[in-house]
Amino acid sequence: MIQDALGIWIAALLTLAALSFLYKDNPFFRFAESLFAGVSLGYYVGIVLNQTLEPNLFEPMRQDFGQNWDLLVPGLLGVMLYVRYVPKIAWVSRYALSIYVTYYIGVEFTRRIHGEVLPQIGRAMLPLSRFDLPTLYSAVFVVGVFSVLIYFFFSREQNAVTRPIARLGVWFLMISFGAAFGFTVMGRVALLIGRLNFLLQAWLYPLFGITS
Amino acid sequence: MNFDFGRVALVLVLAVVPIIGIALGMRAPALRSRIPILIGIFAGLIPIFSLYIPKQFLSGPTGMSPRLDQWLIILAGFALLLGIVNVVQNNSRKISRREKGWFFAAVLLIGLLVTSAFGIWGWWTKMGIGFMPDGSPTPFKWVEDRFFQPLQSTIFSLLAFFMASAAFRAFRARNTEATILLIAAGLVMAGRVPLLEFLAAPFPPLHPSASAASQFLGGLAERIMDIPNGAAQSGIIIGAALGAASMAIRVILGIERGYLGLGQGE
Amino acid sequence: MTGRGKRRAGTAPVFPARRRGAAARPAPKLPLLLLLAAALASGFPAAAFAIAPEISPPAPPPIEPPTSFTALDRPGDTGGAVLLTWKDPPTLPDGAAIEILRSEPPAYEWSSLALVKPGAGKYEDATAADGKLYRYEIRVQAPVDAATGAARVSPPVVSDSVSARDNWFRTGRENSLIASILFVAIVLISIAWARSGHEIFIRRISGLNAVDEAIGRATELGKKVFFIPGIQSMDDIQTIASIAILGFVARSTARYGTDLDVPNKDPITFVSAREAVRGAYLAEGRPDLFREEMVNYVTYDQFAYTAAVSARMVREKPAAIFLIGYFFAESLILAETGQSTGAIQIAGQADPTQLPFFVATCDYVLIGEELYAASAYLSREPVLLGSTRGQDIAKGILILLGLAGVALASFGNTWLSSVMKTQ
Amino acid sequence: MKRIFTWLLKLDRRWIFLFVLFSVATPIVFPIGLPVTTTDSTRRAFEYLESLKPGDTIWLSFDYGPSSAPENDPMAEAVMRQCFLKHVKVVVLALYPLGGLGLANTAVAKVTAEFPGLRYGEDYVNLGYKDGAAAVMRRLGEDIAGAFPTDVNGTPLSRIPMMRGVHDIRNVKLVFTAATGVIGEWWITQVHSQIGTPVVIGPTAVSAPKYYAYLNAGQLVGMLSGMKGAAEYERLLRDTYPQMARFYKSTRTFTATKGMDGQTVIHTVMIAFIILGNLAFLVTRETGRPEAAA
């Protein structure tokens, strides 16, 4: 129980210290920020050890080494990564880095062409044959997609035809940015409400004995 | 011991060849960058081929592509230690030289040591980092709930304030583009909440029309999100995907290699 | 057809395990009705009526079996699955389901695999072993008839023997394979073209023109340049683009002798960023100016990193801040704090989610593809310019294709847009 | 006049922060009670739950974490209250890995305390958290005890009275998922499409748009979109059960209705600031820093 009350006090004071940054940088904020940096790094030590390395490496090796002997290789690659602290052979770390980067970049390549370019361009192929409201919406959509794409031409100077289209593309971009900004306000305010709720209900109300 | 073709091939190319490459590199400096790039080409082609070739040795549940994925998750886990070493170096130097703010460096290091000790302890004792058998939190969990969580969500919630100050400053009708930005933002913001009903609250005769207008604004906001916003997003995504794919080709072929500390070009 | 039905009805008592369905349950109480049910199922209603004419109310009509039944290796998979397809019979009793059974020839033991809702028309047996022969059987199973208390099934349909196998091509991905090959070809040809000495123009990108201006200002004021490479690892290509830009920024700071600070959230990005900065200082001939602390690690948590970097901005008041890479919600906290310190801010992200916040708070923003054009723009190297040119050609083709698709769709032809669907 | 505008243009952003703090905090402490107009998707969800009979069982999944709690908590609480009023049994579970279980425990403790007659194991049960949401869902179609052998306290399901008639997810009348990420979508694609159990979803406002497609396709019974949807649900609940008003009037607890008050006020304040800023800008024609070149 005492542990819990202490926990709430700690959480509440840290919340206030973090909020104080809005006024200006101050020692309380600096304390909270430094503590946060340290605790969060330690937190990920715990998470990586218990939730990444344990189930992906230690557990399979213990359970069935014969099926998982190859998991020793990432250990080897990990050692190569650390070799960069020995300046003379720092270049050895390139092996680990190069494998890590290119594998994921290969994944990215397929994801972009297969998962983004084709479906997105397919989505823009809307019929524009009728005169009604949905067709108008489709037309706006189609114009938007292609004018934005024309804005992204780099290797040619914009001319009398493409300049106005690219400008239209910029307008579409601006609508999109403004709308997305306005759309996000609500979710961010909900976060603040969550913090204020915590301060009120877990800390202040019990402190002043408000229960109803 | 399991010696599937895929697994053995992976170990040969990504472990045995690098070891040979390192041995050669000790003698011939030119190979210090060439062999890693060659191996990179191999690693980069695996997921691409795996998308189109469903063969067991490549794409099966323990085929080359999923297996390499698991390897690299482990590698990324190991990499965290690189960061920790750097943080400990920088902060302990601050403390030992009594630089300005050394006290906060000490706070940081204590937080790091205590929390990671709890995490390691939970792993070592098999207790884990969640709850103990009697339902009470482990020390790690307690630190998470009382230090980590509140700080994380408070910093996150600062966004509510920054949204307001950024909106006030940025949304000015300076030119056509800025005006469009401003109007779109205003309409969507107004459409997300019963704003007109709030403003009409003191005037009962206006309630029905305010409510109708509110609904209309809501529909309009949704439409803006759907059509012009959706179109612009599509355009950005297609363009960016082409740029990313072409960059991917350059990286896999070793043309772009700044991340290895090597210059641009050949 | 009927012959098979006869065999099935007859074998029922021999393989009770197969008869776990509704038909088996009433057996102890109503043997006669069971017989009736079996007879109905076997397509011999007349015989059944002959045995028990009195108890039978108007008999429910016989159930038709499914048609066009095929069993094939599921195409384009890693093996271990057989694909069954069929057409439901035109009329089905209420609540009926399609039962699927499997046997391993030469044995005739049929084991039930699944009950499928009508309308599915296909079933994937993912329990098949590669190379092993199977036969499949399907039939319609209707619920117990309320009037007679008997379960009703249609005559079964049996497939030819089939086996699952490991395949060389994932069917249905021809479109993206062709697109990928074409794209790689376009980019490589453009690079070769650029290398052979052809001039390639690249239009002005104001965010990139400002890079030198920003670093110049920092040099004049004697203040730091901050470079924040996003919070993702090197598994995201935006981070790689960011590290490439960092290389150019570091060359400038090395040239002018300006102080640089690159705080990191991801450890692998941290290693790469350090290599890139070290390489840049070396390339400019100023390894003496490079300090390890320039590229430093902060923490792995998104918001702890944000708090620490924001605090550093406020305390050190850098003259220029680069926010280039893959950012999430922290984008606005960093950029708004940076804005309040009065620094020139240049942001860049290819993913559209955080662009609105950068546009609202930064002086220059690299939007979408501009991020990837940056290294070509800054270096003017033929290889990079060539690949940017290749992107443009691909984009032109896509726009033409897209417009053709719109035109076709307007005439009611959706062929082109269905070609674009990937699986 | 011009001086005021010049001052406004150079306004220290900390004044704005103060405004934000007050406009959000005040309605939470002193509810305004703005009118909430209900939308069709929320009404459909409410009416479906109203149509359930005493003794039916529903499934309430906590598929969100602390960061979206202000949006999702009120939904889960309102649904629980409605069920307990109607004597519908509630099975609570959590599939969201980062903190879903903690939120479930808190919400269950809070709402069950409001209904003194309830008995654990007969009126409601808490199955706790299971890792691997999609796999768990597929398991639920075969056998609930296979996915959750015990409840959160370690009691085997076979010894929990209300679980006796509930062998698999088909025996449940409705799945309600309060969701922040993709888990909510899986309830539709893994459970509703494969097994047929009706689903109502309560997503965060940000992810709501993508669920309209499912709603229109009839794959969802109804939807509570974000805090607004939760506030609508609270209003329907208050209108149908006047005795509920006391829970929603209390200063002590947070409700979506209060949250929406705060949201409305802050949105209004922000728009007012933007308008004032533009007015000041147009009057003084003063250009500040060069802004965002695209």
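Please read all numbers here as calculations on a predicted model, not as lab measurements. Below, chain A is the first sequence line, B the second, and so on; all start at residue 1.
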So for Phe140(B), is it side chain, backbone, both, or neither that comes closer than 4.5 Å to the heavy atoms of chain A? side chain

Is it the side chain or the backbone of Leu81(B) that comes within 4.5 Å of chain A heavy atoms, both, or neither? both

Should the pair Arg62(A)-Glu54(A) be classified as a salt bridge under the 4.0 Å nitrogen-to-oxygen rule? yes

Please flag which part of Val107(A) lies under 4.5 Å from any non-hydrogen atom of chain B: side chain, backbone, both or neither. both

Does atom NZ of Lys88(A) have more than 12 heavy-atom neighbours from other groups under 6.0 Å away? no

Counting only heavy atoms closer than 4.5 Å, note whether Tyr103(A) contacts chain B via side chain, backbone, both or neither. both

Please look at Ser138(A) and chain B and tell me whether the side chain, the backbone, both or neither of the residue comes under 4.5 angstrom of a heavy atom of that chain. neither

Arg94(A), Met186(A), Gln51(A), Arg167(A): which one forms the most heavy-atom pairs within less than 4.5 Å of chain B? Arg94(A)

Is Leu260(B) close to chain A through its backbone or its side chain, or both, or neither, when contacts mean heavy atoms under 4.5 Å? both

Applying a strict 4.5 Å limit to non-hydrogen atoms, the region of Asp64(A) in contact with chain B is neither

Check whether Ile89(A) gets within reach of chain B through its side chain, its backbone, both or neither, counting any heavy atom under 4.5 Å. side chain

When the 4.5 angstrom heavy-atom criterion is applied to Ile113(A) and chain B, the contacting part is side chain

Does any heavy atom of chain B fall under 4.5 Å from the side chain of Val145(A), the backbone, both, or neither of them? both

Please look at Leu10(B) and chain A and tell me whether the side chain, the backbone, both or neither of the residue comes under 4.5 angstrom of a heavy atom of that chain. neither

If one checks every heavy atom of Gln89(B) against chain A at 4.5 Å, the contacting part turns out to be side chain

Structural part of Phe58(A) lying under 4.5 Å from a heavy atom of chain B: side chain

With sequence neighbours excluded, what pairs up with Arg156(A) under the salt bridge (Lys or Arg N to Asp or Glu O under 4.0 Å) test? none

Where on Leu76(A) is there a heavy atom nearer than 4.5 Å to chain B: the side chain, the backbone, both, or neither? side chain

Side chain, backbone, both or neither: which part of Ser40(A) has a heavy atom under 4.5 Å from chain B? both

Please state whether the side chain, the backbone, both or neither of Tyr259(B) comes within less than 4.5 Å of a heavy atom of chain A. both

Quick check on Val48(A) against chain B: is it the side chain, the backbone, both or neither that has a heavy atom closer than 4.5 Å? side chain

Any donor-acceptor pair under 3.5 Å from Arg257(B) side chain to Gly254(B) backbone: yes

Is Glu33(A) close to chain B through its backbone or its side chain, or both, or neither, when contacts mean heavy atoms under 4.5 Å? neither

Ile236(B) versus chain A, the contacting section by heavy-atom distance below 4.5 Å: both

At a heavy-atom separation under 4.5 Å, does Leu53(A) approach chain B through its side chain, its backbone, both, or neither? side chain

Partner residues of Glu108(A) under the salt bridge (Lys or Arg N to Asp or Glu O under 4.0 Å) criterion, sequence neighbours left out: Arg111(A), Arg112(A)

With chain A as the partner, which of Gly239(B), Pro18(B), Gly77(B) has the greatest number of non-hydrogen pairs under 4.5 Å? Pro18(B)

Should the heavy atoms of other residues, nucleotides or ligands under 6.0 Å from OH of Tyr85(A) be counted, would the total exceed 12? yes

Sort Leu22(A) into side chain, backbone, both or neither according to what part of it lies under 4.5 angstrom from a heavy atom of chain B. side chain

